[in-house]
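Worksheet for the structure shown next.
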Amino acid sequence: MQTIGLGYDSHRFDTGGVLKLGGVEIPHPCGLLGHSDADAVLHAVADAILGAAGHDDIGELFPDTDPQYRDADSTAFVARALAIAGEEGLGAVNCDVTILAQSPKLGTRKQQIKARLAELLSLPTGRVSVKAKTNEFMGFVGQGEGIAVIAAVMLSDTPPG
Ligand code: MG
């Protein structure tokens, strides 16, 4: 059996701090605002995993009103989502991510994010794609207010061969 999940997340830019995308620190004058480390890539990926497993979003599992998740490392959210899927005998088959950011230009960083996601999902890098788009200066992404991410993850009860 195979199931597919879609995840979406967006965060507003902060006035300072560290920008993390897909568990990778990206050089930029400011990070993203959020209760956790605001890693929009990992949040979208975690939601895609939970979606494929038929569960609710990460906000239900890790409420932003819970002080224990303040500045939390979002890799833990992905690990928890994978564990939940794993309890149902499901594991990730592939992961496809699109990052919408007017800035920074992600260029070579995409390969770093891809490698980190592959590691977090226990997948070969050939089963992970990380794409980046500007929003052609339109809307909140295009105006540089924040970053949005769309992710799809397929789960299977048969390990990828
Ligand atoms: Mg988020």
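Counting starts at 1 for both ligands and their atoms, following the listed order. For the numbers below, each heavy atom of this structure counts, side chains included, while hydrogens, waters and symmetry mates do not. Numbers here simply count residues along the sequence, with the first being 1.
A continuous path of ILVMFWY side-chain contacts below 4.5 Å connects Leu155 to Leu121, so both sit in one hydrophobic cluster. Residues Phe13 and Leu100 fall into different hydrophobic clusters, defined by Ile, Leu, Val, Met, Phe, Trp and Tyr side chains chained together at heavy-atom separations under 4.5 Å.
The Mg ion (ligand 1) has an N, O or S atom of Asp9 closer than 2.8 Å.
Nearest N/O/S atom of His11 with respect to the Mg ion (ligand 1) is recorded as NE2. The atom name of the N/O/S atom in His43 closest to the Mg ion (ligand 1) is ND1.
Surrounding NZ of Lys133 are at most 12 heavy atoms belonging to other residues, nucleotides or ligands under 6.0 Å away.
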Verdict with reasoning, Asp9 to His43, per side chain to side chain donor-acceptor pair (under 3.5 Å): CA-CA 6 Å; Asp9 196 34; His43 295 180; 3.1 Å; yes

